[in-house]
2 protein chains.
Amino acid sequence: MPPPSAKAKSVRVLEFPPRLSSGYLVRDAHRAFQRLLERRITPYGVTRGQWYFLRVLWTHDGLSQRELSARVGMMEPTTVIALRSMERSGLIHRLRSDDDRRKVRVLLTAKAKRLRNELLAVARTITEEAEAGIDMRDLASFRRVIARMTANLDLIER
Amino acid sequence: MPPPSAKAKSVRVLEFPPRLSSGYLVRDAHRAFQRLLERRITPYGVTRGQWYFLRVLWTHDGLSQRELSARVGMMEPTTVIALRSMERSGLIHRLRSDDDRRKVRVLLTAKAKRLRNELLAVARTITEEAEAGIDMRDLASFRRVIARMTANLDLIER
DNA sequence: TCCCATTGCATAGATTTCTAAGTAATTCCT
DNA sequence: AGGAATTACTTAGAAATCTATGCAATGGGA
């Protein structure tokens with residue numbers, strides 16, 4: 001029979017229930033948010049993939065694709081695909097920059113600008129629904145903790 | 001000029017920075033967890049999509065596909081795709097049930113069972129890295145809050 | 001000036017996930 | 001017993017995301 005410490009370690013690894021795993025809790029919450037967001041923006045003809053880009057463009061219209069990718073936190077090929085669908089849906093125009101012909105400036109159409117307030121309200125409503133019944137102090141603590149987790153993980157390379 | 005309350009409401013909707021949105025914070029954290037998990041399990045020949053199913057099967061070997069879908073929290077077509085790739089990788093066998101020939105029982109191979117402890121250790125390490133430097137009480141509060149948010153959102157139909 | 005490294009975007013191909021609709025086995029009701 | 005409803009899985013097709021690679025415009029150094 002192994003010594004107590006070895007046994008404890010073994011049990012510790014063998015049992016790792018999802019309820020105790022921050023990663024699982026975060027995943028579940030993320031899926032719940034996504035699901036609701038998707039349902040509520042589809043009626044506006046906006047997909048979840050377009051949403052993140054719209055959100056940045058509403059405050060930073062005219063960014064280049066590279067800047068946009070960085071702000072949204074997506075890889076550039078993802079941006080290409082999202083922008084293509086947004087162009088098809090009449091949400092943006094792409095304009096080759098004159099001073100540097102490699103760059104493409106992304107510009108919102110009037111249609112996209114008109115959607116802004118209503119869609120931001122949708123996002124805020126979902127947040128309010130998620131936070132219902134949660135103490136303000138707990139909420140503030142939650143934000144600090146989850147931001148810290150993200151920062152912790154982002155510092156790790158491999 | 002609109003009355004103060006109307007103005008406050010308008011500003012409230014017009015400005016909704018991601019830093020204050022639980023949804024965005026959750027999304028960022030989720031992506032950080034995913035990124036690291038994916039990097040660390042790829043060397044074992046396991047993809048992120050297979051991971052969730054392995055994790056359930058390690059404690060509930062022999063479930064049917066439907067039960068598995070429910071436990072993992074994925075739609076059934078997603079399960080079909082994941083299981084197909086797991087079968088190709090030699091992680092599972094699928095066995096048509098004899099008492100009900102509609103059902104397919106999913107069984108782990110010896111290879112998948114051998115991976116269990118090492119991969120669970122990977123998950124635990126990531127959790128520990130994410131939680132580094134966070135107060136135990138804050139962590140407990142975090143788990144309550146995020147589980148409550150998920151529950152809140154899951155109650156909403158549309 | 002001309003070559004080459006860098007920069008900005010695009011393509012290719014894979015994976016993960018969904019919704020909607022199909023097929024086959026089982027069960028239930030008359 | 002036979003048809004209808006239900007159950008379990010599958011297929012089809014779309015979307016969102018990634019890594020790896022390609023191409024074209026730019027700029028810097030010999």
Side-chain angles (χ1 to χ4, degrees), chain A residues 27-28 30-39 41-43 45-55 62-89 91-92 94-106 158, chain B residues 27-28 30-39 41-43 45-55 62-89 91-92 94-106 158:
Chain A
R27 169 178 174 256
D28 285 348
H30 176 247
R31 292 160 64 85
F33 272 108
Q34 294 303 317
R35 197 189 91 250
L36 208 54
L37 179 66
E38 187 151 342
R39 278 188 191 158
I41 63 179
T42 324
V46 173
T47 70
R48 190 164 44 86
Q50 301 174 340
W51 165 262
Y52 304 108
F53 291 92
L54 277 178
R55 209 167 154 170
L63 283 183
S64 77
Q65 291 195 198
R66 174 148 301 175
E67 292 165 328
L68 200 46
S69 301
R71 288 221 185 232
V72 171
M74 303 275 197
M75 293 297 101
E76 291 177 27
T78 308
T79 302
V80 170
I81 290 172
L83 293 183
R84 189 148 52 211
S85 87
M86 292 173 79
E87 198 163 28
R88 270 203 310 271
S89 308
L91 293 170
I92 58 158
R94 290 150 105 188
L95 192 59
R96 200 115 222 159
S97 179
D98 265 336
D99 50 306
D100 185 340
R101 312 224 357 103
R102 287 170 305 183
K103 291 193 183 175
V104 174
R105 285 166 42 86
V106 179
R158 283 276 137 206
Chain B
R27 169 177 175 257
D28 284 349
H30 177 248
R31 291 160 64 85
F33 271 108
Q34 295 303 317
R35 198 189 90 249
L36 207 54
L37 179 66
E38 187 151 344
R39 279 188 190 158
I41 63 180
T42 320
V46 173
T47 71
R48 192 162 42 87
Q50 301 173 340
W51 166 262
Y52 305 108
F53 291 92
L54 277 179
R55 209 168 153 170
L63 284 183
S64 76
Q65 292 194 195
R66 173 147 305 175
E67 292 164 329
L68 200 47
S69 301
R71 288 219 184 234
V72 171
M74 304 274 196
M75 293 298 100
E76 291 176 28
T78 307
T79 302
V80 170
I81 290 173
L83 293 182
R84 189 149 52 209
S85 87
M86 291 173 80
E87 198 163 29
R88 269 203 311 270
S89 308
L91 292 170
I92 59 156
R94 291 151 105 187
L95 193 59
R96 201 114 224 159
S97 179
D98 266 337
D99 49 307
D100 185 339
R101 314 225 353 105
R102 290 170 303 181
K103 290 191 184 176
V104 174
R105 283 164 44 85
V106 179
R158 282 278 135 206

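Everything quoted here is computed from the prediction, not taken from an experiment. Each chain gets a letter, A, B and so on, in the order its sequence line appears, and its residues count up from 1.
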Checklist entry - Does OP1 or OP2 of C:dA10 have a side-chain N or O of A:Gln65 closer than 4.0 Å? => result yes
Item to check | Rounded interatomic separation in angstrom, taking NE2 from A:His30 and P from D:dA16 | outcome: 13 Å
Checklist entry - Under 3.5 Å, is there a donor-acceptor pair between the side chain of A:Arg71 and the main chain of A:Leu63? => result no
Item to check | Residue whose nearest DNA chain D nucleotide is more 5′ - A:Asp99 or B:Glu76 | outcome: B:Glu76
Checklist entry - Whole Å only: how far is the CZ atom of A:Arg101 from the P atom of C:dA10? => result 13 Å
Next on the checklist: So, does A:Thr78 get its side chain near the phosphate of D:dC18, meaning an N or O under 4.0 Å from OP1 or OP2?
Outcome noted: yes
Item to check | Min side-chain heavy-atom separation A:His30-B:Arg31 under 4.5 Å | outcome: no
Checklist entry - Around B:Arg35, counting heavy atoms of other residues, nucleotides and ligands shown, do more than 12 lie under 6.0 Å from its CZ? => result yes
Checklist entry - Expressed in angstrom and rounded to an integer, what is the separation of B:Met75 atom CE from D:dA8 atom P? => result 15 Å
Checklist outcome for this item: Per nearest nucleotide of DNA chain C, the residue lying toward the 5' end, B:Phe53 or A:Arg105, is A:Arg105
Checklist entry - Considering only side-chain heavy atoms of A:Arg48, which listed nucleotide, C:dA10, D:dA16, D:dT11, is closest? => result D:dA16
Next on the checklist: Measure CD/B:Glu38 against P/D:dT19 and give the value in whole Å, please.
Outcome noted: 8 Å
Item to check | From D:dC9, C:dC9, D:dA25, nucleotide with atom closest to A:Asp100 side chain | outcome: D:dA25
Checklist entry - From B:Gln34 CD over to A:Arg27 CZ, what is the distance, rounded to the nearest 0.5 angstrom? => result 7.5 Å
Item to check | Nucleotide nearest A:Arg31 when distance is taken to its side chain, options C:dT19, D:dA8, C:dT17 | outcome: C:dT17
Next on the checklist: So, does B:Thr79 get its side chain near the phosphate of D:dC9, meaning an N or O under 4.0 Å from OP1 or OP2?
Outcome noted: no
Checklist outcome for this item: Rounded to whole Å, the CG-P distance (B:Leu83 to D:dA8) equals 16 Å
Checklist entry - With a 4.5 Å heavy-atom cut-off, do B:Val106 and B:Leu83 have their side chains touching? => result yes
Next on the checklist: Rounding to an integer number of Å, can you tell me how far A:Arg96 CZ sits from D:dA24 P?
Outcome noted: 11 Å
Item to check | A:Ile81 side-chain proximity, nearest of C:dT19, D:dT17, C:dG8 | outcome: D:dT17
Item to check | Shortest side-chain distance from B:Arg66, nucleotide among C:dG8, D:dT7, D:dT10 | outcome: D:dT7
Item to check | Which nucleotide in C:dT26, D:dC9, D:dT26 has an atom nearest any side-chain atom of B:Val104 | outcome: D:dC9
Checklist entry - Can you tell which of C:dT7, C:dT16, D:dT7 lies closest to the side chain of A:Arg102? => result C:dT7
Checklist outcome for this item: Separation between CZ (B:Arg105) and CG (B:Leu68), nearest 0.5 Å, reads 12.0 Å
Checklist entry - NA contact type, B:Arg84, heavy-atom cut-off 4.0 Å: base, sugar-phosphate, or nothing? => result sugar-phosphate
Next on the checklist: Using the side-chain heavy atoms of B:Val80, tell me which of these nucleotides is nearest: D:dT11, C:dA12, D:dA25.
Outcome noted: D:dT11
Checklist outcome for this item: To the nearest angstrom, the OH-P distance between A:Tyr52 and D:dT17 comes to 6 Å
Checklist entry - Can you tell me if the side-chain N/O atoms of B:Arg94 get under 4.0 Å from OP1 or OP2 in D:dT10? => result yes
Checklist outcome for this item: To the nearest angstrom, the CE-P distance between A:Met74 and C:dT15 comes to 20 Å
